Amino acid sequence: MVVAICYNSRMDDFSLPQVDSGDASPPPVGRSLFGSTPDELTAWFDQHRQPKFRVKQLLEWVYEKGAESFEAMSNLPKTLRAELANSFSVFDSEIVTRAASKDGTVKLLLRWPDGQTSECVLIPAEQRQTACISTQVGCAVGCVFCASGLDGVARNLSSAQIVEQAMRVRQLCVPERLTNVVFMGLGEPLANYGATVSAVRTINASWGLGVGARKITVSTVGLPSQMRRLADEGLQITLALSLHAPSDSLRRELIPWAESVSINELVEAARYYFDKTGREVTLEYILLDRVNDQPPHARELARLAKSMRSNVNLIPYNPVPSLPYGQPSEKTQQVFLKLLAERGVNTHLRKSRGSDVAAACGQLRRQQKA
Ligand code: SAH
Ligand code: SF4
């Protein structure tokens, strides 16, 4: 599977209309519906002596119709709408910036009631509408090439906030359906495990966004115990492992958290994921000019990829202002791809969407803070 992705892109060609936020809407009164399961809602409806079929109606308003307010839910009695509004909220975020590219990619910067911001992106392609969403405000890992971790992590996003990003992106695709969701925005999903898995379930659920499990990808920098735990969740989602280097020494130069995790441990965890789910793990490999893009790296990567059931996604680096890394030449990329392909590794070179798509995740947020 080749997922066109949010970070593999450039900022330059964006028009960046600042969406006028005006007066901030009142803070939410209650718990977000995006973080509530049908069971929890049923319990609330029981307590409020409401028939169960109203839960279904409510969920249809929330997920199918994407209602932005309780007033809009016209087939629910007015009194019920008022009670709901006292206990729950829907759409807590405000769109601060909407950056639209000529090719249809749209990146949103959302502000949450506590003032923190996060990014999400719609990446449209033929027959596919992909949402790239964040799991944390910033990132604690601090990979040397990544914009998201430059200022550390401010906080986790809640499950509701993760789901809300997918809903915000879905609003952008209408009348098309949202077909794919990738957890590849700001943050390390498996460092915010509970919220990430709840959000995956809601995004996948038939009562929720209804995105097929196989069309949902969670990308991790590589936390072996959490990868195993994810394998045991009974989900058929794709796990993408950000490998980026074929040796521990090089990986440790790029990814601070690799100091305490060896590639061998990651290979074991990836094997476990395949054994439990039957899903091949995707190895993500950023191509950084003259850092990890040489033929010996490709040969070693091929050996690793073949030691487990995996496929490789090569990602030409999207340069981040202020960081000293560049994208290898087209020729270097092709040589690297060929070395893997001729060793029988199922490899995709992510097509750069030219100069006409969104910036690396984390950049919009930094730009706004500057
Ligand atoms: N923290 C998780 C998920 C978010 S990052 C992870 O690291 O996997 C999603 C992917 O984007 C990772 O593979 C990451 O290495 C990659 N990435 C980050 N910055 C990038 C950049 N400037 N250009 C290309 N890929 C980038
Ligand atoms: Fe965090 Fe992933 Fe960026 Fe590394 S690449 S700093 S883990 S978001």
Side-chain angles (χ1 to χ4, degrees), residues 25-93 110 112-113 120 129 131 133 135 156-181 183 189 192-216 218 229-230 232-237 277:
S25 43
V29 247
R31 175 163 187 199
S32 168
L33 286 174
F34 295 130
S36 307
T37 63
D39 284 351
E40 289 163 349
L41 291 173
T42 304
W44 186 93
F45 274 64
D46 281 348
Q47 263 175 18
H48 290 76
R49 294 186 169 65
Q50 293 288 337
K52 286 196 179 19
F53 73 89
R54 296 279 185 218
V55 174
K56 190 164 175 279
Q57 285 180 321
L58 176 63
L59 288 170
E60 278 169 9
W61 279 110
V62 173
Y63 291 106
E64 270 179 52
K65 300 178 188 139
E68 294 227 29
S69 71
F70 291 97
E71 292 95 84
M73 303 180 181
S74 52
N75 62 355
L76 300 183
K78 270 199 165 147
T79 47
L80 173 59
R81 281 186 255 164
E83 279 184 280
L84 282 167
N86 279 331
S87 298
F88 296 100
S89 63
V90 66
F91 283 106
D92 288 343
S93 65
L110 304 181
W112 302 102
C120 52
Q129 308 289 324
I133 57 178
T135 53
N156 285 334
L157 291 169
S158 66
S159 151
Q161 290 170 337
I162 299 172
V163 171
E164 181 166 329
Q165 294 172 75
M167 289 296 293
R168 285 283 187 212
V169 172
R170 204 188 68 172
Q171 288 177 325
L172 301 171
C173 334
V174 174
E176 303 285 338
R177 265 175 5 98
L178 183 65
T179 58
N180 296 59
V181 175
F183 287 65
N192 184 14
Y193 188 88
T196 294
V197 170
S198 308
V200 165
R201 292 194 190 283
T202 302
I203 289 168
N204 176 230
S206 52
W207 54 262
L209 279 87
V211 177
R214 286 159 183 261
K215 310 278 170 143
I216 299 174
V218 170
R229 202 171 152 197
L230 189 64
D232 291 334
E233 295 283 352
L235 294 163
Q236 281 287 297
I237 58 173
T277 62

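Because the structure is predicted, anything quoted here is derived from the model rather than measured.
You'll find the side chain of R81 stays beyond 4.5 Å of the side chain of W61, heavy atoms only. Looking at heavy atoms from C-beta onward, M73 lies out of side-chain contact with K65 at the 4.5 angstrom threshold. Between L80 and F70, every side-chain heavy-atom pair lies at or beyond the 4.5 Å cut-off. Side-chain contact between Q161 and F34 is absent, with no heavy-atom pair separated by less than 4.5 Å. Looking only at side-chain heavy atoms (C-beta outward), K56 and E60 come within less than 4.5 Å of each other. The closest side-chain heavy-atom distance from V218 to V197 is not below 4.5 Å. Inter-residue side-chain proximity for Q165 and L157 is flagged as met; some heavy-atom pair is nearer than 4.5 Å.
Here CZ of R168 is found 8.5 Å from SG of C120. Values are rounded to the nearest 0.5 Å. Note that OG of S69 and CG of L84 are 11.5 Å apart. Values are rounded to the nearest 0.5 Å.
At distances below 3.5 Å, at least one donor-acceptor pair connects side-chain atoms of N192 with backbone N or O atoms of T135. Using a distance-only test at 3.5 Å, with no hydrogens or angles considered, no donor-acceptor pair links the side chain of S36 to the main chain of L41. A side-chain donor-acceptor contact under 3.5 Å links Q236 to the backbone of T277. Side-chain atoms of R54 never come within 3.5 Å of backbone atoms of P77 as a donor-acceptor pair (strictly under, hydrogens ignored).
Under the side chain to side chain contact (heavy atoms under 4.5 Å, CB included) criterion, E176 pairs with Q129, C173, sequence neighbours left out.
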Give every donor-acceptor pair under 3.5 Å between a side-chain atom in residues 202-211 and any protein atom, sequence neighbours left out.
residue	atom	partner	partner atom	Å
T202	OG1	S198	O	3.2
N204	ND2	V211	O	2.9

Show the atom names and distances, to 0.1 Å, of all donor-acceptor pairs under 3.5 Å that link a side chain in residues 43-50 to residues at least two apart or in another chain.
residue	atom	partner	partner atom	Å
W44	NE1	S87	OG	3.3
D46	OD1	K52	NZ	3.3
H48	ND1	W44	O	2.8

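Annotation for F91 and G66: closest pair CE1-O, 3.9 Å, computed over non-hydrogen atoms.
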